[in-house]
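Numbering of ligands and ligand atoms starts at 1, following listing order.
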Amino acid sequence: MASSSGLRNRRAFLSFLAASPILASVGFTSRWVEDLMAEPLAAQDTAALGAQNEVIIKSVKEALNVFDFDAVARTKLSPAHYTFITDGSFNNETLRANREGFSKYQIRLRRLTGITKVDQSVRIFGVNWESPIFLCPIGRMNAYYPQGAVVVARAAKATRTLQILSGSAVILADPKIIGDIIAARGEPVWFAGLGDTLDQPLIKQVEAMGCPTLVWTIDDGGANTIGAKSIQHVEVRDLDREADSRCSGCHSNLPKITRIQASTPMDMLGAVGSLLGETSVKLSWDDVKRVRDMTRMKLVLKGIVTREDAALAVQHGIDAVIVSNHGGHEDASGRGTIECLPEVVAGAAGKIPVLIDSGFRGGADVFKALALGATAVGIGRPHIWGLSSFGQEGVETVIALLRRELQVVMAQTGAASIAKISRNSLVLHS
Ligand SMILES: Cc1cc2nc3c(=O)[nH]c(=O)nc-3n(C[C@H](O)[C@H](O)[C@H](O)COP(=O)(O)O)c2cc1C
């Protein structure tokens, strides 16, 4: 994560640059730098939340990277919700591994490439997208912003970004919401069904609504501590959801666990975090065959992390896989998805596209995955930070920042298009 002193120095440097005639002489009048000149807010008092980034931006124009939105989200969300988004399961091994994995690869830069324009468009299932960066399915988005999924859909439309909609509890409770989201997006979105909640009526419904692609998330293994941490980290001894107006609106219809204590057993704590009952572990490849036979939509498996399972996905007529560990939210493997990617690409053997998510926070991360054979790269938390911070504008800016960073790295490696990115641009850090 970027240090706050690093961010301060970068801001000071940009102030210097903007005042300099050098910029004008090279014709660099980018709105980006001008926007960055806006005076950042003095750090707010975020002590209660243990802020990691002392600069709390007050407008998207001040954002330097996606972590700026994390800092704002921290101040805007209830501590339990913020911690639920941020933390990983078990002891955060996989969460950390997702970020650390990127440092195992370094990028080989080329000089004098003469590149003046970069095209980062990609084609997936016959559809062109402006960028390989897509929005991951995130459940219960109303907890992070009013009508969260609809607002994200508007941002996806404005930036022409692939959005995968989570078929989480809120959506399942009122499937008409899917129609609202499709209307906001302006076209059917990809739909992600979770574990064993994916049944025939739901599949038929999303198919009838025109969703072209069904993503089946099969990595929700029943993480065991996210709910507990949501309470412990913010030192809430007893979380009384009925008494807290921030909770009661959404949680009042959940099972009778209105008061949660630090001593509450794990499955009860799951009521504010991950549910042990909702797990994909009990599913098998027979279920995949059953679901495959139920629909003509493209079927994508989300959560594949090994060569063997990628090969089995191909054998079972799956149209693509997403290398994912739910952003470290569900398992204790300690393996970053960037480390799993090469073997999944090998297992897919060029027969189906391999997408990836978990831990992607910058253009260089995205570049590394593309160089290792990924077709597209998903972001989960970053767009939720953007959403919680500044709504639609926040999501759009997160996407714009990552695209800009990817563009720079592509130019620096001599790749004018995604097809020109190659494994040769990476070296393994010894
Ligand atoms: C708060 C939260 C909720 C999530 N909800 C879902 C979900 O409903 N369905 C799903 O397939 N994945 C879900 N995911 C996983 C994301 O789709 C994605 O795999 C992950 O966030 C990517 O990692 P990142 O957050 O590090 O970018 C969720 C992740 C988080 C952090």
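Side chain of Gln120 to main chain of Arg403: a donor-acceptor pair is present (N/O by atom type, distance under 3.5 Å, no hydrogens or angles).
A pairwise comparison of heavy atoms in Ala371 and Ser422 identifies CB-O, 3.6 Å as the closest pair.
Side-chain N/O atoms of Asn325 and Thr337 include no donor and acceptor closer than 3.5 Å.
The aromatic rings of Trp385 and Phe67 are tilted relative to each other, their planes meeting at an angle between 30° and 60°.
Cation-pi geometry between Lys298 and Phe125 is met: the NZ or CZ atom falls under 6.0 Å from the ring centre, inside 45° of the normal.
Using a 4.0 Å heavy-atom criterion, the residues that approach ligand 1 are Phe84, Ile85, Cys136, Pro137, Ile138, Gly139, Tyr144, Ser166, Leu194, Thr217, Lys302, Ser324, His326, Gly327, His329, Asp357, Ser358, Gly359, Arg361, Ile379, Gly380, Arg381, Pro382.
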Output side-chain donor-acceptor pairs under 3.5 Å for residues 300-309, partner residues at least two apart or in another chain, one line each.
residue: Thr306; atom: OG1; partner: Asp309; partner atom: N; Å: 3.3
residue: Thr306; atom: OG1; partner: Asp309; partner atom: OD2; Å: 3.4

